[in-house]
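These figures come from a predicted structure and were not determined experimentally.
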Amino acid sequence: MTKESNKSGDAGVANPSLGADLVIPALALAFAVYFFVDIAELAWEAKANGVLIGTVLVVLIGIQVARLGLQLGRGEGSFGFESLLGPREALPARLALVGITIAFIAVVPWLGLTLTLLLAMAAALRAMGLKSWQKILLISFIVAASAWGLFIALLETDMPHGPVEAMLSKILSK
């Protein structure tokens, strides 16, 4: 079997481009570095938890990079990034999700977590091809309500508050 064939022996079938599989580990590593810098000023308990979580993340990144290195070394793939853009029919949905994510980050300080999450989830589900508006709205509502219940009401985190959080705060404080 040649390097150009796959494991089943089909000659002429190109090896997968494994370079695209490094995109998420690279982003995760950037996040881990940010995480380590960000926890430097926290209390020792939070710092210890942060170091533990960050270390696990870095170890998992190392395992993924080693796995990809072994595959490349055995000739089971190329270092190309072609699979990042394929299949072509999925590209519009991927670009839509990137746009939705950017919009989410841009408007969450003003609309708050709950409303922004509801709108972003609905847009993402539609972009991924879900057609039923009833299902889209139900799933989006459940996700947004769960996030509000967990992060804002229960844990009282410092997530951005918007009109929904203000309204619920007034209703629940009576």
**OP:** Is it possible for you to say whether L137 and I139 belong to one hydrophobic cluster, with membership spreading through side-chain heavy-atom contacts below 4.5 Å?
**Re:** no
**OP:** Quick one: pull up CZ in R94 and CE in M128 and give me the separation to the nearest 0.5 Å.
**Re:** 13.0 Å
Original post:
From F151 CZ over to L113 CG, what is the distance, rounded to the nearest 0.5 angstrom?
Top reply: 7.5 Å
Original post:
According to the ring-ring contact (aromatic ring centres under 6.0 Å, His included) rule, which pairs have a member within residues 48-88, sequence neighbours left out?
Top reply: F79-F81
Subject >> Where P109 and P160 come nearest, the two heavy atoms and their spacing >> reply: CA-CB, 4.1 Å
**OP:** Verify, without hydrogens or angle tests, whether R67 (side chain) and Q71 (backbone) share a donor-acceptor contact under 3.5 angstrom.
**Re:** no
**OP:** Just jot down the side-chain contact (heavy atoms from CB on, under 4.5 Å) partners of L111, sequence neighbours excluded, or say none.
**Re:** V107, L115, T116, L119
Original post:
Does anything in residues 97-119 pair up under ring-ring contact (aromatic ring centres under 6.0 Å, His included), and if so which pairs, sequence neighbours excluded?
Top reply: none
**OP:** Could you tell me which non-hydrogen atom of T55 sits nearest to which non-hydrogen atom of F36, and how far apart they are?
**Re:** N-CZ, 3.7 Å
Original post:
What distance separates M121 CE from I142 CD1, expressed to the nearest 0.5 Å?
Top reply: 11.0 Å
Original post:
Which value, rounded to the nearest 0.5 Å, describes the distance between E76 atom CD and L18 atom CG?
Top reply: 8.5 Å
Subject >> hydrophobic_cluster_shared for V33 and F31, side chain cutoff 4.5 Å >> reply: no
Subject >> Close side-chain approach of K131 to R126, heavy-atom, < 4.5 Å >> reply: yes
Subject >> Non-neighbouring partners of S17 that pass side-chain contact (heavy atoms from CB on, under 4.5 Å), sequence neighbours left out >> reply: S78, E82, S83
**OP:** Take atom CG of L27 as the centre, draw a 6.0 Å sphere, and report whether it contains more than 12 heavy atoms from other residues, nucleotides or ligands.
**Re:** yes
Original post:
ring-ring contact (aromatic ring centres under 6.0 Å, His included): which pairs involve residues 115-134, sequence neighbours left out?
Top reply: none
Original post:
Where is the tightest heavy-atom contact between L57 and A32, given as atom of each residue plus distance?
Top reply: CD2-CB, 3.8 Å
**OP:** Indicate, with yes or no, if V164 and L138 share a hydrophobic cluster defined by side-chain heavy-atom contacts under 4.5 Å among Ile, Leu, Val, Met, Phe, Trp and Tyr.
**Re:** no
Original post:
Are there more than 12 heavy atoms of other residues, nucleotides or ligands under 6.0 Å from atom NZ of K47?
Top reply: yes
Subject >> Distance-minimising heavy-atom pair for I61 and P25 >> reply: CD1-O, 3.8 Å
Original post:
For the atom pair CD1 (I152) and CG (L168), what is the distance rounded to the nearest 0.5 Å?
Top reply: 9.0 Å
Original post:
Roughly how far, to the nearest 0.5 Å, is the CG atom of L125 from the CG atom of L97?
Top reply: 9.5 Å
Original post:
When you measure from the side chain of S140 to the backbone N and O of I136, does any donor-acceptor pair fall under 3.5 Å?
Top reply: yes
**OP:** Over all heavy atoms of both residues, which pair between E165 and G162 is shortest? Give the atoms and the distance, please.
**Re:** OE1-N, 2.7 Å
**OP:** Specify the closest pair of heavy atoms between S173 and K170, including all atoms of both residues, with the distance to one decimal.
**Re:** OG-O, 3.2 Å
Original post:
So, do L60 and Q64 sit near enough that their side-chain heavy atoms are less than 4.5 Å apart?
Top reply: no
Subject >> Those residues that, when tested against L154, pass side-chain contact (heavy atoms from CB on, under 4.5 Å) (two or more places apart) >> reply: L150
